[in-house]
Number of protein chains: 2
Amino acid sequence: MNEFNEYFKSAFTVDNVIFGFDEGDLKVLLINRGEEPFKGKWALPGYFVHPDEDLDTAAKRVLEELTGLGNVYLEQVKTFGTVGRHPFGRVITVAYFSLIKISHYTIQPSSIAKKAKWHSVSRVSELAFDHREILDACFNRLKWLVRSRPVGFELLPPKFTLTELQHLYEAILETELDKRNFRKKILSMNLLIDLDETQEGVAHRPARLYEFDKEKYEQFLAEGFSFELKESKKKEKKPRKKVRANLA
Amino acid sequence: MNEFNEYFKSAFTVDNVIFGFDEGDLKVLLINRGEEPFKGKWALPGYFVHPDEDLDTAAKRVLEELTGLGNVYLEQVKTFGTVGRHPFGRVITVAYFSLIKISHYTIQPSSIAKKAKWHSVSRVSELAFDHREILDACFNRLKWLVRSRPVGFELLPPKFTLTELQHLYEAILETELDKRNFRKKILSMNLLIDLDETQEGVAHRPARLYEFDKEKYEQFLAEGFSFELKESKKKEKKPRKKVRANLA
DNA sequence: GGGAATTAGTGTAAAGTGTACACTAGCTGT
DNA sequence: ACAGCTAGTGTACACTTTACACTAATTCCC
């Protein structure tokens, strides 16, 4: 085994991309680093994996230690291992991502994270390490996810209006959706419970409130269902080539 | 930086899952290990990443060194890092996968790989390390891939018949497809060039030969198009619940 | 209290896509 | 010539997606 010793000199970390939704805006949770390297810079909440710890466990622990967020479901997205990405040596990082309801959690930064704060995804600028690239990869994963399953569940407060749900989808997909078609689609999945309540204190017709039917949602996921949401495009009129009959 | 030294004691590897298609069967390339641990066992072609080497580069190099396959496009799939997965210490591995035309390559095993051989995916049994789990993860990725883009391009010889293409899809999806619908779908993508040639030496009506239109394929990928192929199911007759009109 | 402002909520027709299904065509081997 | 085999083709129906415009319910301001 001695011949392999030279390989046992690397380290690895986990980095978490936590998405939330608030004020019509898609947010990502960042920490302000209290340690070198990149002290004072904004970064994804991430840290070294302990030698006796599985990756998924590490991701959960690190997230909780840095931001106070516990009991979050994290999903592995991609691993980043460019040679020069960490100034301390060879460090590869496994990126995880999650979707949470911002209002359900209280953020408690640790010493490593001087501050932890939600940032608008669209307004994130420079980040420590290669975290910008990691964020982009996870954002793409989110875009893909939202087209294949009803993701709003994780991001919205328990009671919400259809318009809020639509705005969430629009924020993620960075596109506009047709109101009527969106509602038709969402309601036809039968995953929403109409609470028979309405908004209060708004200066216009109040909207109905809905909640997700958790039971049906579990079922939906278990069955591996999928659904699609397409951009509402103004009649792009595909010429739609006809299939040539071979063997004339 | 000394406080971090304890973290720089891990190693990481890459493992490659290479799929091919031959004799109507989906295959995966395995090596017979010539080294401890798991000497003599079948395993995915993988090895340690050098300290000064990027992950993607390492995956390519390792594949070529172990099996002689060069110039293969590899895609990262998932990272496996369970604590006890490697007997030599903490080793995490990044899994890559690829699709190749078996007939285009010659396999040349190295000393680490005593032998390298194509195995039917459906008949792979025990593998070294957690390679079985890695293989399954990559097979699932392939299934997903084949539903979202025309994957046959990578796996079939330059000239092929529509029936061969269909068999490939059926092998990957582990299902049967309707012949007419399959052809309609594939041809409607306009990615095939009808070569106006036919098979020779078969004891039945010879099939037409096609090749992929590489240019259109690139375009297809660039545009992020997607298409779906659904299992041909015998009329399951969804009762199709009507969307309730809220606000009666 | 009337009207302006604002967002919620609703239906339909037309185009496109997916699915089920059965027969004829063209070759080889005997 | 005919048996055996695989290639190749079209249509009708069900479902899904898309485009699109008006009325309803509330607050605010005068």
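Each chain gets a letter, A, B and so on, in the order the sequences are listed, and its residues count up from 1. Only this structure's heavy atoms are used, side chains among them; waters, hydrogens and symmetry mates stay out.
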Output all residues satisfying side chain to side chain donor-acceptor pair (under 3.5 Å) with [X], sequence neighbours left out; order by chain, then residue number.
X        : answer
B/Asp25  : B/Ser120, B/Arg123
B/Thr93  : B/Thr13, B/Asp15
B/Glu197 : B/Lys159

Check: B/Ser188/B/Arg183 side-chain N/O donor and acceptor closer than 3.5 Å: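 Not at all, the side chains of B/Ser188 and B/Arg183 share no donor-acceptor pair under 3.5 Å.
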Just call it for A/Thr198: base, sugar-phosphate, or nothing, with non-hydrogen atoms closer than 4.0 Å on any strand.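 It contacts nothing in the nucleic acid.
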What does B/Thr161 touch in the nucleic acid at a heavy-atom separation under 4.0 angstrom: a base, only the sugar-phosphate, or nothing?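 No contact at all - B/Thr161 keeps every heavy atom at 4.0 Å or more from the nucleic acid.
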[X] [atom1] - [N] [atom2] separation (whole Å):
X        : N      : atom1 : atom2 : answer
A/Arg183 : C/dG9  : CZ    : P     : 5 Å
A/Leu177 : D/dT17 : CG    : C1'   : 13 Å
A/Leu187 : D/dT16 : CG    : P     : 15 Å
B/Gln166 : D/dT6  : CD    : C1'   : 12 Å
B/Gln199 : D/dT6  : CD    : P     : 11 Å
B/Glu200 : D/dA7  : CD    : C1'   : 16 Å
A/Asp178 : C/dT12 : CG    : C1'   : 13 Å
A/Ile186 : C/dG9  : CD1   : P     : 14 Å

Could you please name the option among [options] that lies closest to any side-chain atom of [X]?
X        : options               : result
A/Lys185 : D/dT17, D/dG8, C/dC21 : D/dT17
A/Asn181 : C/dG26, D/dT18, C/dA8 : D/dT18
A/His204 : C/dA8, D/dG8, C/dG26  : C/dA8

Classify the side chain of A/Lys184 versus the base of C/dT12 as yes if they form a donor-acceptor pair under 3.5 Å and no if they do not.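 Such a pair exists between side chain and base.
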Is A/Glu126 salt-bridged to A/Arg132, going by a charged N under 4.0 Å from an acidic O?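 Salt bridge between A/Glu126 and A/Arg132, a charged N being under 4.0 Å from a carboxylate O: no.
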Quiz: residues 97-104 of chain A side-chain donor-acceptor pairs under 3.5 angstrom, not counting sequence neighbours:
from	atom 1	to	atom 2	distance (Å)
A/Ser98	OG	A/Tyr73	O	2.6
A/Lys101	NZ	A/Phe153	O	2.6
A/Lys101	NZ	A/Leu156	O	3.3

Report all interatomic pairs (protein N or O, nucleotide N or O of nucleotides 21-23 of chain D) with separations under 3.5 Å.
from	atom 1	to	atom 2	distance (Å)
D/dA21	N1	A/Arg180	NH1	3.3

Let me know, please, whether B/Ala203 or B/Ala207 comes out on the 5' side of the other along DNA chain D by nearest nucleotide.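 It is B/Ala203 whose nearest nucleotide is closer to the 5' end.
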Only counting residues at least two apart or in another chain, list the ones meeting ring pair (Phe, Tyr, Trp, His ring centres under 6.0 Å) with B/Trp118.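 Not a single residue meets the ring pair (Phe, Tyr, Trp, His ring centres under 6.0 Å) criterion with B/Trp118.
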